[in-house]
S.K.: 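Got a structure for you, questions after.
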Amino acid sequence: MVKSKPEYDIYEMFNVTNDTCKKSTWLCFKFRFLPPHLINHLIAALSRKYRVAEVASTKQDKKQIALFSGTAVFELQKTPKLRKLLVMKCPNAIQIQVLQFGKQIEGGLYKYIADFMTEEIIKIISTRFKMSNVKFEKKWECGQTKPESVTGSNDFCEDQDTKYYCETCKIAHEFTGEWSDLQHGTLDFTKEEINFTKMGMIVLNVLADVSYDLLKPDKPNLRPRSDFDITQLYQEHFKLKKHIPTNGWGGNWQTIKGTDIAVGDDIERIRLTRNELQHSTAAEIGDTRFNELCNILSDLLKRFDQLNKPARLYTDQLNTILSKTMSAEEVQSMKMKH
């Protein structure tokens with residue numbers, strides 16, 4: 001059951017002190033009008049991506065999840081749980097903060113979280129609420145500001161100084177830019193590694209959804225999407241044998257012609273793209289091959305937009321990933337998955 005409010009202070013709940021934890025600046029999504037239930041949909045979306053944090057209850061021995069009305073705490077790492085995301089609703093704003101235990105906060109480190117939140121808010125507003133007139137802007141505030149006092153008074157700007165005067169603490173702080181849209185945190189990675197990261201995100205987040213959405217109408221009791229990877233989905237299509245590739249199952253790039261555009265041919269293209277990344281020894285993709293794959297997948301996703309009719313077009317999802325500035329966290333995460 002979701003409790004109306006925390007039993008006591010969130011920081012106290014997780015032993016957040018200046019000695020034990022680094023607090024990020026607050027990232028604030030400020031609305032002129034905040035739809036009342038948007039926070040519930042956003043917390044649900046975060047719950048599908050991250051585990052809700054647990055905390056010891058003051059009244060009983062067993063742990064309770066940190067999920068409350070308008071407030072939640074998520075584990076950004078399955079293990080060792082040193083990074084937590086605090087999400088809170090306040091009047092006409094949603095504010096988030098990362099609680100980082102045992103590591104220094106670096107520029108661009110949490111951009112992937114800011115991107116995910118931004119994309120989910122836009123998706124919820126446009127597809128669930130269908131309220132095109134609801135707008136928001138992103139602001140930031142010193143992480144030492146108490147949650148109930150956050151107003152989101154600072155703008156993001158490209159020429160941000162490295163220091164700023166904090167009206168909360170009455171001293172000057174270093175500006176880290178952990179949420180920033182600037183190209184922080186990927187400077188140590190090559191263009192080929194960033195290409196690999198983007199293609200990996202397309203495979204894991206878009207192509208797998210395409211394959212699952214195609215399969216679902218023919219299997220009404222299909223397990224949840226999270227139970228499948230692309231290999232397992234391919235096996236399900238193979239057993240179903242509804243969409244037969246032009247040149248049969250298990251082909252290679254050389255056997256698939258550009259004119260082969262049957263649904264089964266695109267199932268093969270999804271498998272081959274996944275395999276190409278999986279078998280990459282250096283976790284890198286050169287610009288030439290990256291652009292070739294992008295062109296192949298762009299055409300493929302246009303066909304599946306027409307066939308599957310997703311709530312959010314696959315081509316829009318593709319373009320969002322391609323236009324993203326990759327954070328160091330995202331590049332490292334994709335290397336680990338590889």
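As a basis for the values below, the full set of heavy atoms in this structure was taken, side chains included, without hydrogen atoms, waters or symmetry mates. Because the structure is a prediction, the values reported are computed rather than measured.
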S.K.: Taking the side chain as every heavy atom from C-beta outward, state whether Tyr234 and Trp249 have any pair of such atoms under 4.5 Å apart.
M.R.: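 Tyr234 reaches Trp249 side chain to side chain.
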S.K.: Can Arg83 be said to sit on top of Phe101's aromatic six-ring, NZ or CZ under 6.0 Å from centre and within 45° of the ring axis?
M.R.: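 Because its charged atom misses either the 6.0 Å distance or the 45° angle limit, Arg83 does not stack over Phe101.
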S.K.: Decide whether a cation-pi geometry holds between Lys49 and Phe116; the criteria are a distance under 6.0 Å from NZ or CZ to the six-membered ring centre and an angle within 45° of the ring axis.
M.R.: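 Here Lys49 passes the 6.0 Å and 45° test against Phe116.
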S.K.: Distance under 6.0 Å and angle within 45° of the ring axis: does Arg289 meet both against Trp253?
M.R.: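 That pair qualifies as a cation-pi contact.
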S.K.: Spell out, as yes or no, whether a donor-acceptor pair under 3.5 Å connects the side chain of Asp9 to the backbone of Glu12.
M.R.: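 Here the side-chain-to-backbone pair exists.
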S.K.: Go through the steps to decide whether Thr25 and Cys142 satisfy the test side chain to side chain contact (heavy atoms under 4.5 Å, CB included), and finish with yes or no.
M.R.: CA-CA 5 Å; Thr25 55; Cys142 171; 5.8 Å; no
S.K.: State the NZ-OG distance between Lys89 and Ser69, to the nearest 0.5 angstrom.
M.R.: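 One gets 7.5 Å once the value is rounded to the nearest 0.5 Å.
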S.K.: Just do the salt bridge (charged side-chain N to carboxylate O under 4.0 Å, His left out) check on Arg269 and Asp266 with the steps written out, would you?
M.R.: CA-CA 5 Å; Arg269 289 185 176 97; Asp266 285 337; 2.8 Å; yes
S.K.: For Ala53 and Glu75, which heavy atoms make the closest approach, and how far apart are they?
M.R.: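 In terms of heavy atoms, the two residues are closest at CB-OE2, 3.6 Å.
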S.K.: Contact between Tyr212 and Glu236 at the side-chain level, heavy atoms closer than 4.5 Å - yes or no?
M.R.: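 When only atoms from C-beta onward are counted, Glu236 and Tyr212 do not touch, as no gap falls below 4.5 Å.
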S.K.: Would you check if Phe74 and Lys84 make a side-chain contact, meaning some heavy-atom pair closer than 4.5 Å?
M.R.: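 No - every pair of side-chain heavy atoms lies 4.5 Å or more apart.
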S.K.: Tyr164 and Trp140: aromatic ring centres closer than 6.0 Å?
M.R.: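 Judged by ring-centre distance (under 6.0 Å), Tyr164 and Trp140 do meet the cut-off.
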S.K.: Using modelled atom types only, decide if a donor and an acceptor are shared between the side chain of Thr118 and the backbone of Ala114 within a distance under 3.5 Å.
M.R.: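 Judged by distance alone, yes, a pair lies under 3.5 Å.
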S.K.: Under 3.5 Å, is there a donor on one side chain and an acceptor on the other for Thr20 and Asn15?
M.R.: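 Absent: no donor and acceptor within the cut-off.
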S.K.: Tell me whether Lys30 at atom NZ has more than 12 heavy atoms from other residues, nucleotides or ligands lying less than 6.0 Å away.
M.R.: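 More than 12 within 6.0 Å, yes.
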S.K.: Hey, what do you get for CD1 (Ile39) to CD1 (Ile121), rounding to the nearest 0.5 Å?
M.R.: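 The CD1 atom of Ile121 is 8.0 Å from CD1 of Ile39, to the nearest 0.5 Å.
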S.K.: Any sub-3.5 Å donor-acceptor pair from Ser298's side-chain atoms to Cys294's backbone N or O?
M.R.: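 Such a contact is absent between Ser298 side chain and Cys294 backbone.
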S.K.: Determine, using ring centers only, whether Tyr314 and Phe304 are less than 6.0 Å apart.
M.R.: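 No, the ring of Phe304 stays outside the 6.0 Å limit from the ring of Tyr314, centre to centre.
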S.K.: Please confirm whether the backbone N or O of Gln77 pairs with a side-chain atom of Arg51, one donor and one acceptor, at under 3.5 Å?
M.R.: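 No; judged by distance alone, with no hydrogens or angles, the pair does not exist.
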S.K.: Go through it in stages, so that I can follow the logic: the residues are Lys324 and Glu330, the test is salt bridge (charged side-chain N to carboxylate O under 4.0 Å, His left out), and I'd like the CA-CA distance, side-chain angles, deciding distance and then a yes or no.
M.R.: CA-CA 11 Å; Lys324 277 169 64 71; Glu330 288 168 318; 3.3 Å; yes
S.K.: State, with a plain yes or no, whether a side-chain heavy atom of Ile285 is found less than 4.5 Å away from one of Leu277.
M.R.: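 Sidechains of Leu277 and Ile285: in contact.
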S.K.: Taking Trp179 as the fixed residue, which of Trp26, Tyr110, Tyr112 is the one that meets the ring-ring contact (aromatic ring centres under 6.0 Å, His included) rule?
M.R.: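 Only one option passes, and that is Tyr110.
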S.K.: Any side-chain heavy-atom pair from Asp287 and Lys191 closer than 4.5 angstrom?
M.R.: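 Sidechains of Lys191 and Asp287: in contact.
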S.K.: Between Leu207 and Leu301, is a side chain to side chain contact (heavy atoms under 4.5 Å, CB included) present by the stated rule, with each step listed?
M.R.: CA-CA 8 Å; Leu207 298 187; Leu301 293 175; 4.0 Å; yes
S.K.: With a sphere of 6.0 Å drawn around NZ of Lys257, does it hold more than 12 non-hydrogen atoms of other residues, nucleotides or ligands?
M.R.: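 Open.
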S.K.: Does the side chain of Phe175 come within less than 4.5 Å of Lys163's, by heavy atoms?
M.R.: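 In short, these two side chains do not touch, never coming nearer than 4.5 Å.
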S.K.: Inspect the surroundings of CD in Glu137 and state if more than 12 heavy atoms from other residues, nucleotides or ligands are less than 6.0 Å away.
M.R.: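 Correct, the count exceeds 12.
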S.K.: If only side-chain N and O atoms count, and only distance matters, is there a donor-acceptor pair under 3.5 Å linking Thr246 with Asp265?
M.R.: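 On atom types as modelled, these side chains qualify, holding a pair under 3.5 Å.
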S.K.: Do Val16 and Ile10 come within less than 4.5 Å of each other through their side chains, counting heavy atoms only?
M.R.: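 SC-SC contact between Val16 and Ile10 ruled out.
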S.K.: Considering only heavy atoms from C-beta outward, does the side chain of Ile94 approach that of Leu42 to under 4.5 Å?
M.R.: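 In short, these two side chains touch, coming nearer than 4.5 Å.
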S.K.: Can you tell me how far NZ of Lys242 sits from CG of Leu240, rounded to the nearest 0.5 angstrom?
M.R.: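 Between Leu240 CG and Lys242 NZ, I get 7.0 Å after rounding to 0.5 Å.
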S.K.: Apply side chain to side chain contact (heavy atoms under 4.5 Å, CB included) to residues Glu292 and Thr288 and explain how you reach the verdict.
M.R.: CA-CA 6 Å; Glu292 288 173 351; Thr288 301; 3.9 Å; yes
